[in-house]
Amino acid sequence: MSGDHGERDSQVNSGSRANDAHKHKDKHKEHRRKEHKKDKEREKAKHSNSEHREHSEKKHRDKEKERLKHSDGSVDRHREKQKEKDKEKRREEKVKSSHVEGKPKKEKENGHAREMWNSPSPPAIKSEPEEDNGLYPSPKHNKTLKRERDEEEFEYKPQKIKTENGKKAKKRKQEYEDEEEEEDIKPKKKTKDKKAGADGKKAKKETEEKWKWWEEERSTDGSKWKFLEHKGPVLAPPYEPLPGHVRFFYDGKHLRLSAPAEEVATFFAKMLDHEYTTKEMFRKNFYKDWRKEMTSEEKSKITDINKCNFTEMSEYFKAQSEARKQMSKDEKLKIKEENERILQEYGFCVMDNHKERIGNFRIEPPGLFRGRGDHPKMGMLKRRIRPEDIIINCSKDSKHPKPPQGTRWKEVRHDNKVTWLVSWTENIQGSIKYIMLNPSSRIKGEKDWQKYETARRLKKCVDRLRAQYREDWKSKEMRVRQRAVALYFIDKLALRAGNEKEEGETADTVGCCSLRVEHIKLYPKMDDQEYVVEFDFLGKDSIRYYNKMPVEKRVFKNLQLFLENKQPEDDLFDRLNTSILNKHLQELMDGLTAKVFRTYNASITLQQQLKELTSPDESIPAKILSYNRANRAVAILCNHQRAAPKTFEKSMQNLQTKIDEKQKQLSATRKQLKGAKTEHKASHDDRSKKMVEVKRKAVQRIEEQLMKLQMQATDREENKQIALGTSKLNYLDPRISVAWVKKWDVPMEKIYNKTQREKFAWAIDMAEEDYEF
DNA sequence: GCCGCTACTTAGTATTCGGATC
DNA sequence: GATCCGAATACTAAGTAGCGGC
């Protein structure tokens, strides 16, 4: 790294004025500027909403970092509340002319700049592989590319294949073949069941009965299936009017509502205890849509939502739900059986000669839209979906699902280039909703497998890519620099790509490419660190991302440049969007998109953490704790948060009580052991000898139980506000976990529950203990 | 190159289930 | 048998990304 680029940076990029911004981005700008004031207010509200969560999130991140003994504990997450408040104040102040707090002195890019992959990146756990190859030899890489197939062994026989015409078909075919070439797995013949652990028999049964689609060849003509038959969706039950004694009051007076108006009112009443119904936006949207369902008489009478009293309705529903809980065993069993019958009838389809489980076979019932975060459409009426709204997708030669009597489907089509069975357009955003197969299905599993293979290919070339974007930081072209810095963030911080969103249609959330000036702050010096970037924005689901990261000087200088002459509401990367970025990534590696980095970094982190944290000698519970910690490291990297369970404090207390009791029991048993030893010393007889042995074993057993409880408590505490599920299900190559389980003889069901074992059956079957991501 | 549309994955929360405990 | 509570499952919103048309 040479030091002469700092000045050149600003010269080269003096063209980086806001008026140079991309056309498509300009379009939004003016509007945004106008909205900015409003936004600020909203932001404030949002932040205060998420503050409690963020605070403990930080606490947890800190804890995690400390635990992982990161080499540099410098990443400050502002643990103290006071600091939080200060920050809030700062945010309230208008971001003034510069977002750079204090001008950076001209310094040489020298030893101050950290070695990139040793730098403390906030999820402190993230460390990078140093080498493309070598460090992570993949023993399977050189094995046969093709899947093994034994047609006699498996019942799968493709039905009549509808051929695809023209160029598209050829193109698709080519793509598919290319994918096949990329694949570098040779599935192993059979999972060793002996290590399946405690319920080994059950696990064995599970695998034996399952169709091993991963041992068969994939279709190469671009079609997703050859034959598809299903029974269609389960529609929402019709509205049942309230009994006469349940009343609605307006302005203190009883008002009988028409059925359509009453139905919408019940949606609101059912949510009365929820915070949603106190939100102005929610009430406004609800009221507007409710009026559309009212008769003209109702419309003239009901003019103010604040005069509406839904309490009796709400009480009625609460009583009903209570009554459901109080039902007799028989009644409950009846309901269960009926549900099971519906599941059996509608919950499965036949796809290419195999019965497959459907993921969601029920049409979403009507209700009030519950957007996440500060959603402008919250409270709007989600209307009832009728058969006339529904498109059915199935084979021409299958038995088509029948619509309810007297109705018809919107359309029945036979498109085997898609995986969905049923679709409809919802009225809130106008987006299409689908009924698709369960994650355990072939069609989902193959895609999942492919996803991890792409991530593994990234592993092979990530060093080249990193070198490239580092080089691009120095580019003469602004767009190249922006692209390179954005990619650095995506790689280093596992940020999402950040597609553009239509304003006013959804909550104001961002990802990497859509970051705005107001979302970052630059600190040339902070505490003992240089070139610190502070990120503070709302990401997917309006989950706050807050982080501070020291970056290399060149990144810092570039960021300063990107911020020049911009307003807080302007795009940080005004020459970049996800489409541009992904096009670039595609050129670097076939199939590479921004989200592959998240998969790659998550999986590689798990693998590294497992290597680091697992001690061969520790007990099974300790190993499980290590696994969960590795999983947690990934969840933190990906910013997967959850609201602390409502019962958290109580459940921790309960566990602590158990621990205390166990400790008492332990010391009592130890005393008994001591007594037994003394007695044995005196008498030297067999009976006393036996007693010593018995007590010794008891002490040992209680010690183990205590340790297990302590592990559980630690795990639970560390997990308070971190959601492990999302990363486990979507980002972590299951073969890493499977290999780990097999290597250390940990029962599979301690890591994956039944559903997860079904989803990852392919990985459980094919990965051996030597698997390397 | 932009835009709208479509298909699919990823996400957090609400509800239900089922085993442990009283 | 009732109650409690954590785990599993259901639900559906909110992302990513590709494609085709203009």
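A, B, ... follow the sequence lines: proteins, then strands. Residue 1 opens every chain.
Distances shorter than 4.0 Å separate some side-chain N or O of Thr419(A) from OP1 or OP2 on dC8(B).
Lys501(A) has its NZ atom 9 Å from the P atom of dT16(C), to the nearest Å. The CG-P distance, from Asp448(A) to dA7(B), rounds to 21 Å in whole Å. Put simply, CZ on Arg544(A) is 18 Å from C1' on dG12(B), counting in whole angstrom units. Between the CZ atom of Arg383(A) and the C1' atom of dT12(C) there is a distance of 16 Å, given to the nearest Å. Met271(A) has its CE atom 14 Å from the C1' atom of dC11(C), to the nearest Å. The CG atom of Leu637(A) sits 11 Å away from the P atom of dA11(B) (whole-angstrom rounding).
The ring of His230(A) has its center no closer than 6.0 angstrom to the ring center of Phe361(A).
Taking for each of Gly511(A) and Phe369(A) the nucleotide of DNA chain C with the nearest heavy atom, the 5'-most of the two is the partner of Phe369(A). Where Ala723(A) and Arg324(A) meet DNA chain B, the nucleotide closest to each residue was compared, and Ala723(A) sits on the side nearer the 5' end. With DNA chain C read from its 5' end, the first of the two nearest nucleotides for His375(A) and Asn438(A) is the one closest to Asn438(A).
No hydrogens or angles considered: a donor-acceptor pair under 3.5 Å links the side chains of Gln641(A) and Asn639(A). With no hydrogens or angles considered, a side-chain donor-acceptor pair links Ser737(A) and Tyr627(A) at under 3.5 Å.
DNA chain B lies under 4.0 Å from at least one heavy atom of each of the following residues of residues 421-435 of chain A: Ile432(A), Tyr434(A).
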Shorter than 3.5 Å, N or O on both sides, protein versus nucleotides 17-22 of chain B: list them out with atom names.
{"unit_1": "dG18(B)", "atom_1": "OP2", "unit_2": "Lys336(A)", "atom_2": "NZ", "d": "3.3"}

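Listed nucleotides dA17(C), dA11(B), dA13(C) differ in distance to Asn499(A); the shortest reach to its side chain belongs to dA17(C).
A salt bridge between Asp541(A) and Arg372(A) is present, with a side-chain N of the basic residue lying under 4.0 Å from a carboxylate O of the acidic one.
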